[in-house]
There are 2 protein chains.
Amino acid sequence: VIHTENISRRYKMGSEIINALKSVSISINFGEYVAFMGPSGSGKSTLMNIIGCLDTPSSGSYTLNKRDVSRLSEDELAQIRNKEIGFVFQTFNLLPRASSLDNVALPLIYAGYSKKERDAKAKKALEDVGLGDRYHHKPNELSGGQRQRVAVARALINSPSIILADEPTGNLDTKTSYEIMNLFAELHKKGNTIIMVTHEEDIANYAHRVVFMRDGNIERDDINENP
Amino acid sequence: VIHTENISRRYKMGSEIINALKSVSISINFGEYVAFMGPSGSGKSTLMNIIGCLDTPSSGSYTLNKRDVSRLSEDELAQIRNKEIGFVFQTFNLLPRASSLDNVALPLIYAGYSKKERDAKAKKALEDVGLGDRYHHKPNELSGGQRQRVAVARALINSPSIILADEPTGNLDTKTSYEIMNLFAELHKKGNTIIMVTHEEDIANYAHRVVFMRDGNIERDDINENP
Ligand SMILES: Nc1ncnc2c1ncn2[C@@H]1O[C@H](COP(=O)(O)OP(=O)(O)OP(=O)(O)O)[C@@H](O)[C@H]1O
Ligand SMILES: Nc1ncnc2c1ncn2[C@@H]1O[C@H](COP(=O)(O)OP(=O)(O)OP(=O)(O)O)[C@@H](O)[C@H]1O
Ligand SMILES: [Mg+2]
Ligand SMILES: [Mg+2]
């Protein structure tokens, strides 16, 4: 479903050029569960943003569901981002003045649900991540790990077929991390595609395939025999 | 040097009261290296903020260096925060429009250094965390782990005697985490006090003492025989 060929992403900084991605070619099929690992700064989030249609490569091609993403209009891209992809950002990106309930319900507005339906679905999503008693709280009234879980709940609320999770357990204790991993495992069983960045091997081991990045390139692509 | 007695911290939310800390009594001596662990929402960051003089308890007492913190003026507290304590925040709290160099140099302005001295010290601090080639970058031009390292460099720049680090390696790969842990180990050898929150056991094992929190209380306080 996801196919990139020789993707690069450059940033110009004054007279310097930063090659965040150099030449990344990867194919991910429907229903796969892939973990990306690699050193800080190796390009993982940059690749996730391109796959999630939030950023455009400087060169190379990206095909999603057989469509050349560079040929899609802004509307078509927005449609994909809202309906087909759920994104857990490394820095959460929650609305600071909205409650967890409203933050989680946000993607449902695009999906056309009524306020009553949105609130019911959002409450359920927050219960699924153990935050049923925190839905009035705004982000600054939550712990770091609670904000992370609100970001996870928001990414999953539209039941997207592709979940992109950038460090989904970076601020969570072991037990809470396993609860999130069980959520992902359930979604994977239903046939969804899961792509996750993590620096923790225990978390990467839930995936069926682990891709290692280094310096803007893919260094290794391994099958996990015992997820 | 740090002594809290029956510290509580309550938040009023409408008709509900959240007991972020219930009754926390702890003593930490000069030169100790303590790790705090515990479930998401158990009160770790709340306790760190009180210890770091960024927040006041709802009840109970906090003595720092034999001084009753509740008796200190705003100026005296600001002095302590700038000179004696270095804080790595769970959410980094960098100035979004400043470069990493200026972010790291910020605490030095209070210390009275000239611009030339501040820039030299800040460059060295960034090199120590592997970001010598990133000092022009603003936070949104850095990866998650790079921002985390800028936050670490900023906390250490004034050579504070007490380092409070809330999840300092949450976004870092193994190798980079060890580099940060080596930095902390060096500071500890020089006699500084290190208090760190982490959810990773490998990281907690660098400390000499591990305190477990649960539901706003201290559950366990163990000595680590083999740091
Ligand atoms: N401003 C606030 N208003 C209401 N409740 C709050 C506020 N800030 C924190 N809390 C609550 O206090 C509790 C403790 O929060 P704290 O940030 O100390 O947890 P933590 O142990 O650091 O968690 P994590 O590991 O997820 O970072 C949480 O349940 C949180 O929802
Ligand atoms: N807007 C930008 N301008 C310049 N350089 C950038 C920009 N955004 C990212 N970079 C650089 O691109 C590289 C890759 O960044 P990226 O965020 O993809 O890394 P990462 O693998 O996710 O790292 P981490 O594990 O620390 O989150 C980094 O070296 C970073 O400094
Ligand atoms: Mg990243
Ligand atoms: Mg916290």
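In what follows, every chain begins at residue 1, and chains take the letters A, B, ... in the order their sequences are listed. None of the values given here were measured: they were computed from a predicted structure.
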Among [options], single out the residue with the greatest number of heavy-atom pairs under 4.5 Å to chain A.
{"options": "B:Glu16, B:Glu200, B:Lys44", "value": "B:Glu200"}
{"options": "B:Gly14, B:Gly145, B:Pro39", "value": "B:Pro39"}
{"options": "B:Met37, B:Lys175, B:Glu201, B:Arg149", "value": "B:Arg149"}

Legend entry - Part of B:Glu141 lying under 4.5 Å from any heavy atom of chain A: side chain

Inset, instruction - Heavy-atom distances under 4.5 Å only: say whether B:Ser177 touches chain A with side chain, backbone, both or neither. - result: neither

Inset, instruction - Kindly check if the number of other-residue, nucleotide or ligand heavy atoms within 6.0 Å of OH (B:Tyr206) is above 12? - result: yes

Inset, instruction - State whether the number of non-hydrogen atoms from other residues, nucleotides or ligands found under 6.0 Å of A:Phe87 atom CZ is greater than 12. - result: yes

Legend entry - Minimum heavy-atom distance between A:Glu167 and B:Asn171, given as atom pair plus value: CG-OD1, 3.9 Å

Inset, instruction - Return the minimal non-hydrogen interatomic distance between A:Thr91 and B:Arg147, and the atom names on each side. - result: CG2-NH1, 3.2 Å

Does any heavy atom of chain B fall under 4.5 Å from the side chain of [X], the backbone, both, or neither of them?
{"X": "A:Ser45", "value": "neither"}
{"X": "A:Thr169", "value": "backbone"}
{"X": "A:Ile18", "value": "side chain"}

Legend entry - Contact leader toward chain B among A:Gln146, A:Gln90, A:Gln148, where contacts are heavy-atom pairs under 4.5 Å: A:Gln90

Inset, instruction - Heavy atoms only, distances under 4.5 angstrom: which of A:Gly43, A:Ser143, A:Ala20 has the most pairs with chain B? Name it, please. - result: A:Ser143

Legend entry - Distance, nearest 0.5 Å, that separates CE of B:Met13 from NE2 of A:His136: 8.0 Å

Legend entry - Sidechain-backbone polar pair: B:Asp173 side chain, A:Ser40 backbone, donor-acceptor under 3.5 Å: yes

